[in-house]
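Each remark here refers to the structure printed beneath this line.
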Amino acid sequence: MLPGITVALTLAPIVIRSLRASMIEVLSSDYIVTAHSKGISTARVVLGHALRNAAVSSVTVLGVNIAYLTGSTLVVERVFSLPGIGQQMINSIFGRDFPTVQGITLVFAIMVVVVNLLTDVAHSALDPRVQLT
């Protein structure tokens, strides 16, 4: 559990700070005031209207930082002596096994591209003004 907590603790403050800033901005919008004046409950306004619009920028921040975390797993695997692709890459670097290093780098690059693609899909799902082409 400790490696998972370590990885999560590096990502959580960044995403929470982004979501908080977006929520503050969205909660002061005119449509939120209108929803409150219509008598909609605060919980429904926050969860139904504000959170969806605030989550758009947080999803982008999350996608960028997940791509960053793929590189930081190398350090976490090394510190906690976990067998994995990061540990294999470090052992290959020290053993000068360059084809293995290139292959693992390619896997990490593909993971980053897939995460960025999923971020774009999530962004278009949250914001109807964004269309995938």
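No experiment lies behind these values; they were computed from the predicted model shown.
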Notebook entry, point to check: Within a reach of under 6.0 Å around OH of Y68, are more than 12 heavy atoms found that belong to other residues, nucleotides or ligands?
Noted result: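 Not buried by this count: 12 neighbours or fewer within 6.0 Å.
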
Side-chain heavy atoms of [X] within contact of [Y], under 4.5 Å:
{"X": "T105", "Y": "M89", "value": "yes"}
{"X": "I85", "Y": "T73", "value": "no"}
{"X": "R52", "Y": "L126", "value": "yes"}
{"X": "I66", "Y": "L11", "value": "yes"}
{"X": "L51", "Y": "L19", "value": "yes"}
{"X": "I90", "Y": "S92", "value": "no"}
{"X": "L62", "Y": "T119", "value": "no"}
{"X": "F108", "Y": "L74", "value": "yes"}

Margin query: So which atom in N116 and which in G63 form the shortest heavy-atom distance, rounded to 0.1 Å?
Written below: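 Distance-wise, the nearest heavy atoms are OD1-O, 4.3 Å.
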
Checklist line | Over all atoms of both residues, closest heavy-atom pair of M23 and A54 | finding: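 What the structure gives for the nearest pair is SD-CB, 3.5 Å.
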
Inter-residue atom distance [X].[atom1] - [Y].[atom2], 0.5 Å rounding:
{"X": "R44", "Y": "H36", "atom1": "CZ", "atom2": "NE2", "result": "13.0 Å"}
{"X": "N65", "Y": "I14", "atom1": "CG", "atom2": "CD1", "result": "4.5 Å"}
{"X": "N53", "Y": "S29", "atom1": "CG", "atom2": "OG", "result": "7.5 Å"}
{"X": "E77", "Y": "N91", "atom1": "CD", "atom2": "CG", "result": "10.0 Å"}

Quick one: do [X] and [Y] end up in the same hydrophobic cluster if we chain Ile, Leu, Val, Met, Phe, Trp and Tyr together by side-chain heavy atoms under 4.5 Å apart?
{"X": "L106", "Y": "V114", "answer": "yes"}
{"X": "L9", "Y": "M1", "answer": "yes"}
{"X": "V56", "Y": "L118", "answer": "no"}
{"X": "L47", "Y": "V26", "answer": "yes"}
{"X": "M111", "Y": "I104", "answer": "yes"}

Under 3.5 Å, is there a donor-acceptor pair between the side chain of [X] and the main chain of [Y]?
{"X": "D127", "Y": "H123", "result": "no"}
{"X": "S58", "Y": "A55", "result": "no"}
{"X": "T6", "Y": "L2", "result": "yes"}

Next item on the list: Carefully, step by step, assess R96 and V101 under the rule side-chain contact (heavy atoms from CB on, under 4.5 Å).
Entry: CA-CA 8 Å; R96 297 186 186 274; V101 172; over 6 Å; no

Next item on the list: Identify which one of V76, L82, V75 satisfies the side chain to side chain contact (heavy atoms under 4.5 Å, CB included) criterion when paired with V79.
Entry: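 Of the listed options, the one satisfying the test is V75.
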
